[in-house]
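Here the structure is laid out as structure tokens; the discussion comes afterwards.
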Number of protein chains: 2
Amino acid sequence: MEQSNYSKIFKALSSEQRLKIFLMIYKQCCNPKDQQGGAEFKAEEGKSCCPGTRIIEKAFTHVCDCMKLSRSTISHHFKELQNAGLITCERDGRNYRCKVNEQAVKAIRDFLK
Amino acid sequence: MEQSNYSKIFKALSSEQRLKIFLMIYKQCCNPKDQQGGAEFKAEEGKSCCPGTRIIEKAFTHVCDCMKLSRSTISHHFKELQNAGLITCERDGRNYRCKVNEQAVKAIRDFLK
DNA sequence: CAATAAGTTCGATGGCCATCGAATAATTAG
DNA sequence: CTAATTATTCGATGGCCATCGAACTTATTG
């Protein structure tokens, strides 16, 4: 991965609020046992597959419930995370379905290797 | 390491120019074989120790030679990298002696583990 | 259809930040 | 001491960005 892509990823994670949002999603995707109380913030039965591609239903709504930011700001942060390639989101009716992008996770892990 | 420290590190690396400076120093410290032509950008004989704590002499000057930025801007970037805990610098007379902070490198490697 | 719910888009705002050149300080060489 | 070299500090500037509320769109429910 090129330097400019890394700086995009790091820029996306340089906002403390956005980092928090990303880690909420990441932990649900990759370490479902580590969730801190947010019992509902969990992939639905039958919607998850292998670790790392677990799909989060109603991600937007749950993030809104957990943070003191306006919905428009959170919408903006989701967009930035998508633009940096960190997450992928789909609309499902009125709701959001989203997952962490494994390629980006691998890139972060390979940085400084 | 706490989330707010991670966002500081990522903020420091979110500027493309600053990322480039950090990687120049990092590669000299940790992978001296990987240098791209900058033959002079190398720890002096007898000044280096174990990998990861290799000391870079005249880092500031060499970075200035390699980048199209004013010296004042580069000075600013060095300060930001220090504030984020990524590098440590000392003055040695008129020159700069600097090295990568292993603790920060470890933190980056442990992110998403 | 009407009402509610979920996200998006827009415009404004305040603040931070990358960059520069100039002035300054500190050190070394002649 | 003087001149040259090296890096810092300062003030200005232009641009980007996090945040908000309001208006809007789309989808669901009754």
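Each chain gets a letter, A, B and so on, in the order its sequence line appears, and its residues count up from 1.
Heavy-atom nearest nucleotides on DNA chain D were determined for K68(A) and for Q82(B), and the one closer to the 5' end corresponds to Q82(B). In terms of position on DNA chain D, the residue among R91(B) and T73(A) whose nearest nucleotide sits closer to the 5' end is R91(B).
One atom, NE2 of H77(B), and another, C1' of dT9(D), lie 16 Å apart when rounded to the nearest Å. If you take CG of N95(A) and P of dA27(D), they are 12 Å apart, rounded to a whole angstrom. Here dG21(D) presents its C1' atom at 14 Å from CZ of R71(A), a figure rounded to the nearest Å.
Remark: side-chain polar atoms of R109(A) are paired, donor with acceptor, to backbone N or O of L112(B) under 3.5 angstrom. A side-chain donor-acceptor contact under 3.5 Å links N101(B) to the backbone of G85(B). Using modelled atom types, no side-chain atom of Y6(A) and backbone atom of E16(B) make a donor-acceptor pair closer than 3.5 Å.
Between the side chains of S70(A) and T73(A), at least one donor N or O lies within less than 3.5 Å of an accepting N or O.
Within 4.0 Å (heavy atoms only), E80(A) reaches no atom of the nucleic acid at all. When heavy atoms are screened at a 4.0 angstrom cut-off, L69(A) is found touching the sugar-phosphate backbone but no base atom. In this structure, Y96(B) reaches the sugar-phosphate backbone alone: every heavy-atom distance under 4.0 Å involves primed, P, OP1 or OP2 atoms, never a base.
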* Decide yes or no on side-chain contact (heavy atoms from CB on, under 4.5 Å) for E102(B) and V105(B), but give the supporting numbers first. => CA-CA 5 Å; E102(B) 273 306 289; V105(B) 170; 4.1 Å; yes
Self-check item: Check against ring pair (Phe, Tyr, Trp, His ring centres under 6.0 Å), F10(B) and F111(B)
Solution: CA-CA 11 Å; F10(B) 293 144; F111(B) 186 67; 5.0 Å; yes
**Request:** Check the pair L86(B) / I25(B) against side-chain contact (heavy atoms from CB on, under 4.5 Å), numbers first and verdict last.
**Result:** CA-CA 10 Å; L86(B) 285 163; I25(B) 298 170; over 6 Å; no
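Taking side-chain N and O atoms only, S72(A) has no distance below 4.0 Å to OP1 or OP2 of dA22(D).
Relative orientation of the F78(A) and F60(A) rings is tilted, given thresholds of 30° and 60° on the angle between their planes.
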Per-residue pairing states of DNA chain D in dot-bracket (Watson-Crick or G-U under 3.5 Å; . unpaired, | other strand) read ||||||||||||||||||||||||||||||
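Under the side chain to side chain contact (heavy atoms under 4.5 Å, CB included) test applied with E80(A), the options K11(A), K8(A), R18(A) reduce to a single match, R18(A).
Read 5' to 3', the first and last nucleotides of DNA chain C with an atom closer than 4.0 Å to a heavy atom of chain B are dC17(C) to dT28(C).
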